[in-house]
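Notes follow once the structure below has been shown.
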Amino acid sequence: MANQAGLGGVSRRLRTGFGAAWAAASLVFPGPEPALAQRFNVVEYEYPIEFRFLDVNAINNAGEMVGTGYFRENNNWSESALLWRADGRVSQLPHLLPSAATNFYSGSRSSQAHDINDDGVIAGRSEGRNRPELAVLWLDANTVVDLLGRDSVAYDLNDSLQVSGSFARSGFSVEPFFWESGQWFSLHPPMTQVKGMNNLGQVVGEGGGEALLFDRDRNEFTVLPPLRPGAEARAMAINDLGVISGWSQTDGDLYHPVCWKDGKVRELPRMRPDTDASASVINIHGDMTGASFFPQTRPVYYRNNLVMLIDDLLLEALRDDWAIGTGVKLNDAGQVGGWGYHYPSERVAPARLDPVDTGLTLWNIEPSRPGVRNEIQINHATPGGRVLLLWGTTRGEPQPLEQCPGAMIDIIDPRLAATAVAGPDGRALIRINIPAHIDATYMFQVVDHETCETSPPAWAIIQPEN
């Protein structure tokens with residue numbers, strides 16, 4: 001197909017709107033950088049037939065996952081803590097008490113695995129004699145130890161064997177705790193719930209509607225700022241660089257995904273302005289997983305000021321066969337742990353998503369702010385070929401692009417922002433001035449004009465710096 005001058009053969013409709021507004025774009029080849037994963041392959045894990053359903057609660061950097069299986073036993077619902085090895089094999093972790101012991105649940109059994117560190121130590125809970133639950137550590141797949149000796153649950157641990165969780169002080173009063181070297185203390189007040197911990201002993205959670213950070217070394221609490229003064233906020237996870245993921249409300253009732261860095265809060269994009277969303281897990285690279293809650297609850301992936309549906313990031317050969325469930329976890333290797341639904345066989349299975357360095361991708365928009373020059377990175381295009389950066393505000397059913405037979409665009413009424421020529425490594429970098437009056441979330445998609453391949457749609461929030 002012969003390229004028309006300037007816009008590579010796109011229609012007049014695509015030459016209007018945003019493309020005209022985002023004038024003064026300069027197109028350059030990016031310098032060499034390490035390869036970055038663009039797509040996910042699905043690795044299916046074992047699903048023991050005795051379990052009715054499963055939760056996957058954590059994945060470590062070795063690709064091991066832990067969670068809980070639910071099954072019927074003695075006409076009661078029972079729970080069993082589970083460990084999945086990196087090869088997909090599953091093991092039931094031992095209960096704190098033998099099955100014949102009298103326990104609180106009167107015939108049912110209960111244990112849950114909530115977290116696993118890189119040494120394979122697992123935190124969770126198991127039933128105790130005449131007690132509903134006891135915080136435990138599984139030192140390996142065969143050895144379980146009581147942590148506090150009182151009603152409690154261990155939710156998070158790190159590679160230094162520091163643990164955070166909650167305990168029952170009296171009646172229905174539940175308080176968070178921090179444990180290390182056989183000693184524990186309460187984090188209440190001000191914290192009422194713990195949500196995550198890093199390898200530096202920093203714990204995040206909430207109390208009184210505020211997002212809180214506890215620093216063990218300094219033995220102090222910090223209130224993390226919400227998006228608007230007085231708004232509710234919650235911190236969900238923290239990486240080893242101290243970057244925190246979570247959510248915050250504004251003046252309305254919607255939850256906005258956010259991250260905190262160096263004490264400052266930054267709003268992350270949502271796919272629709274009328275939907276709740278949250279960033280739940282963060283890894284060392286600052287990538288996050290979370291969920292978008294309307295019109296359907298879907299797992300999402302936050303990367304470099306962009307948000308994408310995880311289902312859109314599956315390898316093309318898998319995209320029609322798999323749907324990934326919400327509540328996915330993330331490790332520093334970029335692997336995602338959770339469960340998926342396989343359409344052809346109608347089965348649900350625990351699954352690990354492994355990153356694969358392939359596929360046309362809109363990788364980054366930096367700094368994602370109006371009134372300044374932004375850099376937009378595109379990966380895996382045809383070397384020397386032209387790429388088109390399209391934008392819009394709303395996703396719809398995929399529609400063919402007139403100038404590229406086979407290209408299916410998910411954007412309703414797509415408009416052209418810019419074009420670029422990919423370098424010999426298949427990468428292009430667009431430097432573009434975003435007008436100062438723009439302050440909203442936009443949907444982007446890239447088209448490789450040589451092959452008509454399209455990237456997964458991505459959303460970016462363009463707003464002034466806080």
Side-chain angles (χ1 to χ4, degrees), residues 14-26 211 224-233 243-279 286 288 290 292-294 300-309 362-378 389-396 410-418 429-446 455 457-466:
L14 289 179
R15 291 199 294 266
T16 62
F18 217 24
W22 285 13
S26 62
L224 302 170
L227 287 174
R228 300 290 183 272
E232 186 175 355
V243 185
I244 301 165
S245 60
W247 56 262
S248 173
Q249 292 180 304
T250 56
D251 298 329
D253 295 329
L254 292 177
Y255 296 166
H256 297 246
V258 299
C259 67
W260 288 271
K261 183 178 181 180
D262 299 328
K264 294 183 178 180
V265 63
R266 180 181 178 88
E267 184 176 355
L268 302 172
R270 292 173 295 150
M271 292 180 291
R272 291 173 47 145
D274 58 348
T275 186
D276 291 312
S278 176
M288 290 167 271
S292 177
F293 296 105
F294 182 82
V300 295
Y301 198 94
Y302 299 93
R303 180 184 66 198
N304 299 336
N305 297 321
L306 300 167
V307 63
M308 293 151 284
L309 285 173
L362 175 63
W363 182 257
N364 187 26
I365 294 181
E366 182 65 35
S368 191
R369 287 170 44 207
V372 297
R373 177 161 290 196
N374 281 249
E375 292 188 350
I376 300 172
Q377 182 179 321
I378 299 164
L389 176 65
L390 307 179
W391 80 280
T393 57
T394 308
R395 183 171 189 166
D410 297 86
I411 303 171
I412 295 177
D413 189 25
R415 282 156 281 179
L416 183 72
L429 186 66
I430 297 174
R431 290 180 177 150
I432 193 167
N433 291 328
I434 298 181
H437 68 271
I438 290 177
D439 186 359
T441 297
Y442 294 95
M443 180 180 177
F444 295 90
Q445 208 162 7
V446 176
S455 72
W459 290 258
I461 185 169
I462 311 296
Q463 64 175 6
E465 188 175 28
N466 291 326

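All values derive from a computational prediction rather than experimental measurement.
In this structure, L362 and M308 have side chains that are not in contact, with every pair of non-hydrogen atoms separated by 4.5 Å or more. In this structure, the side chains of P435 and P370 stay at 4.5 Å or more apart for every pair of heavy atoms. Using a 4.5 Å cut-off on side-chain heavy atoms (C-beta onward), P269 and N305 make no contact. I434 places a side-chain heavy atom less than 4.5 Å from the side chain of I462. V265 has its side chain out of reach of P226: every pair of non-hydrogen atoms, C-beta onward, lies at least 4.5 Å apart. Between L416 and L390 there is a side-chain heavy-atom pair separated by less than 4.5 Å. Side-chain atoms of P457 and I411, non-hydrogen and from C-beta on, never get closer than 4.5 Å to each other.
R266 contributes atom CZ, which lies 6.5 Å from atom CD of Q463 (distance to the nearest 0.5 angstrom). In this structure, CD1 on I412 lies 8.0 Å from OG1 on T393, to the nearest 0.5 angstrom. Between the CG atom of L268 and the CZ atom of R303 there is a distance of 14.0 Å, given to the nearest 0.5 Å. Here OG of S278 is found 12.0 Å from NE2 of H256. Values are rounded to the nearest 0.5 Å. Rounded to the nearest 0.5 Å, atoms OH (Y442) and CZ (R415) are 9.0 Å apart.
Across every non-hydrogen atom of Y302 and V307, the tightest pair is CE2-CG2, 3.5 Å. Taking every heavy atom of both residues into account, T441 and R270 meet most closely at CG2-O, 3.2 Å. Q249 and L227 make their closest contact through O-CB, 3.9 Å (heavy atoms, listed as atom of the first residue, atom of the second, distance). Between A418 and I432, the shortest heavy-atom distance links the atoms CB-CD1, 4.1 Å. Residues N374 and R369 share a closest heavy-atom pair of ND2-O, 2.8 Å. The nearest pair of heavy atoms linking L309 to R395 is CD1-NH1, 3.3 Å.
When L429, N364, I430 are each tested for a side-chain contact (heavy atoms from CB on, under 4.5 Å) with I376, only one passes: I430.
Residue D274 places its CG atom among more than 12 non-hydrogen atoms of other residues, nucleotides or ligands, all under 6.0 Å distant.
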*Passes side-chain contact (heavy atoms from CB on, under 4.5 Å), S248 versus E232? Steps please.*
CA-CA 6 Å; S248 173; E232 186 175 355; over 6 Å; no
_Verdict with reasoning, I365 to F444, per side-chain contact (heavy atoms from CB on, under 4.5 Å)_ = CA-CA 10 Å; I365 294 181; F444 295 90; 3.9 Å; yes
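Using a distance-only test at 3.5 Å, with no hydrogens or angles considered, a donor-acceptor pair links the side chain of S455 to the main chain of V446. Between the side chain of W260 and the backbone N or O of V243, no donor-acceptor pair lies under 3.5 Å. For W459 (side chain) and M271 (main-chain N/O), a donor-acceptor pair under 3.5 Å exists by modelled atom type. Counting only distance, with no hydrogens or angles, the side chain of S368 and the backbone of I461 share a donor-acceptor pair below 3.5 Å.
Among residues two or more places apart in sequence or in another chain, the salt bridge (Lys or Arg N to Asp or Glu O under 4.0 Å) test is passed with D262 by none. Y255 pairs by the ring pair (Phe, Tyr, Trp, His ring centres under 6.0 Å) definition with W247, not counting sequence neighbours.
Judged purely by distance below 3.5 Å, without hydrogens or angles, the side chains of E366 and N304 never pair a donor atom with an acceptor atom.
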